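Note that this is a predicted model, so its numbers are computed, not measured.
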Amino acid sequence: MRTQFLKAIEAAGARLMTLDDIYKVNEMAAIGFGDPAIPFKPEHLASQIEIFPEGQVVIEHEDGNIVGSCSSVIVNFEDYGVNHDFDEISDSGYIKNHNPKGKNLYGTEVVVHPDYRGLKIGKRLYQARRAIAQEFNLESILFGGRIPNYHKHANELTPEQYAQKVVNGEIYDPVMTFQLKNGFEFRAIMPNYLPTDAESLKYATLMEWKNPDYKPM
C-alpha cells in the first residue's frame, strides 16, 4: 500500500479499518444509527476488509474509542443506474461485486457516534473518502444518503420536493444538509433503497462528488 495514500488518510485523522475493529465498529454504528438493524454486521465488515482494505476507514478518539467509520466499494455506476437499492450495490454488505477497474467509489456506510458529534468526525471521514477516490483515480464518489427528517414532512411534500427544499436551504436535514456542505450534489431520489430506514420512509438521495483530479484512462 502506497505511503502517500496512508499519509492522506492519516491527514484526515483517520486510519484503515482492521479485523480487530469490526465488533467495535458494529457496536458504535448501532448507537450512531439508533437502530441495530441498520449497520453492517461484523461478518460484512470482515468481507469488506478482505476484498477492498483501502476503502474501509475508522476514526479513533484519543480515549481509545472508535467514534466514526465509513465503508466503500468501487463500481461502475452505469452498471447499476439510479434505480438500484442498497443490497444490490453493496452485495448485501459483502461487496463481492467490488470492481477494481470501476470508475466510481460508492459509499456504503458512514456513521459517527452521537457522543462525539461536533468534533468534525464526519467531515474527516469524507476527507478520507476523497483521498481514496484520488488514490484510485476514480471519477466520482456516489452514495445513497438517508433523509431522516423526511417523515416529518411526508404529508405535504414528495421526497423530490423535500430534497429540493433541503438543497435550497429551506429545510434542514441532519444528513443531507451535511453532505451538501461537504461538496456533494443531489442527483435523484431512490425509492425502496433501504427497507429498514423508517425515518426516511425507505427513500434515499443519490449524492455525488466529482473528483477534480480524475484523469480518464
Might you confirm whether atom CD of Gln127 has over 12 heavy atoms from other residues, nucleotides or ligands at distances under 6.0 Å? yes
Please say yes or no: joined through hydrophobic side-chain contacts below 4.5 Å, possibly via intermediate residues, are Phe184 and Tyr214 part of one cluster? no
Ile66 reachable from Phe33 in the ILVMFWY side-chain graph, under 4.5 Å edges: yes
Quick one: pull up CD in Gln179 and CD1 in Ile141 and give me the separation to the nearest 0.5 Å. 11.5 Å
Sub-4.5 Å side-chain heavy-atom contact between Pro53 and Leu16: no
As a quick check of understanding, evaluate side chain to side chain contact (heavy atoms under 4.5 Å, CB included) for Val25 and Gln56, giving each step before the final call. CA-CA 11 Å; Val25 170; Gln56 325 311 325; over 6 Å; no
Step through it carefully: locate the ring centre of Tyr162, locate the ring centre of Tyr203, and say whether they are under 6.0 Å apart. no
Taking all non-hydrogen atoms of both residues into account, name the closest pair between Ser72 and Phe52 and its distance. O-CD2, 3.3 Å
Are Tyr150 and Ser200 close enough that some pair of their side-chain heavy atoms sits under 4.5 Å apart? no
Evaluate the side-chain proximity of Ile171 to Asn149: yes if any heavy-atom separation is below 4.5 Å, no if none is. no
Nearest atoms (heavy-atom pairs only) where Ile22 meets Pro42: CD1-O, 3.6 Å
In this structure, CG of Leu45 is separated from OG of Ser69 (nearest 0.5 Å) by 7.0 Å
Where at least one partner belongs to residues 98-119, residue pairs that pass side-chain hydrogen bond (donor to acceptor under 3.5 Å, both in side chains), sequence neighbours excluded: Asp63-Tyr116, Asn65-Tyr116, His84-Tyr106, Asn104-Ser140, Tyr106-Tyr193
Would the number of heavy atoms belonging to other residues, nucleotides or ligands and lying under 6.0 Å from CG of Asp87 be above 12? yes
Around atom CD of Gln161, are there more than 12 heavy atoms from other residues, nucleotides or ligands closer than 6.0 Å? yes
In sequence, state the C-alpha distance, the side-chain angles, and the governing distance for Met190 and Val82, and then conclude on side chain to side chain contact (heavy atoms under 4.5 Å, CB included). CA-CA 7 Å; Met190 298 184 291; Val82 173; 4.1 Å; yes
Is Thr3 close to Leu6 at the side-chain level, that is, under 4.5 Å between some pair of heavy atoms? no
Around Glu185, counting heavy atoms of other residues, nucleotides and ligands shown, do more than 12 lie under 6.0 Å from its CD? no
Just so I know, are the side chains of Trp209 and Asn182 near enough to count as touching, which here means a heavy-atom distance under 4.5 Å? no
Cluster check Val75, Phe136: I/L/V/M/F/W/Y, side chain < 4.5 angstrom: yes
Is there a donor-acceptor pair closer than 3.5 Å between any side-chain N or O of Asn26 and the backbone N or O of Pro39? no
Calculate, to the nearest 0.5 Å, the distance between atoms NZ and CD belonging to Lys215 and Gln134 respectively. 9.5 Å
Of the non-hydrogen atoms in Ala14 and Ile59, which two are nearest, and what is the gap between them? CB-CG1, 3.7 Å
Verify the neighbour count for atom CD of Glu156: are there more than 12 heavy atoms of other residues, nucleotides or ligands below 6.0 Å? yes
Are there over 12 heavy-atom neighbours, none belonging to Lys120, within less than 6.0 Å of that residue's NZ? no
Verdict with supporting geometry, Val175 and Met207, side chain to side chain contact (heavy atoms under 4.5 Å, CB included): CA-CA 11 Å; Val175 175; Met207 308 293 290; over 6 Å; no
Pair Thr205, Ile147 - check side chain to side chain contact (heavy atoms under 4.5 Å, CB included), show working. CA-CA 7 Å; Thr205 54; Ile147 40 176; 3.6 Å; yes
Do the two ring centres, one from Tyr80 and one from Phe143, sit under 6.0 Å apart? no
Is any side-chain heavy atom of Glu43 closer than 4.5 Å to one of Tyr94? yes
For Pro148 and Pro174, the nearest pair of non-hydrogen atoms, with its separation, is CG-CG, 3.8 Å
Please answer: with hydrophobic residues joined when any side-chain heavy atoms are less than 4.5 Å apart, are Leu19 and Met17 in the same cluster? yes
For Leu180 and Phe186 the tightest heavy-atom approach is CD2-N, 4.4 Å
Could Glu208 and Lys210 be called an ion pair, given the rule that one side-chain N must be under 4.0 Å from one carboxylate O? yes
Could you measure the distance from the CG atom of Asn211 to the CG atom of Leu138? Nearest 0.5 Å is fine. 7.5 Å
Flag the pair Arg129 / Val57 as yes when at least one side-chain heavy-atom distance between them is below 4.5 Å, and no otherwise. no
Would Val111 and Ile31 show up in the same hydrophobic cluster when neighbours are defined by side-chain heavy atoms closer than 4.5 Å? no
At what distance, to the nearest 0.5 angstrom, does CD1 of Ile9 lie from CD of Glu54? 9.5 Å
Using 0.5 Å steps for rounding, measure from the CG atom of Asp91 to the CZ atom of Phe86. 10.5 Å
On a heavy-atom basis, the closest approach of Ile189 and Ala163 is CD1-CB, 4.1 Å
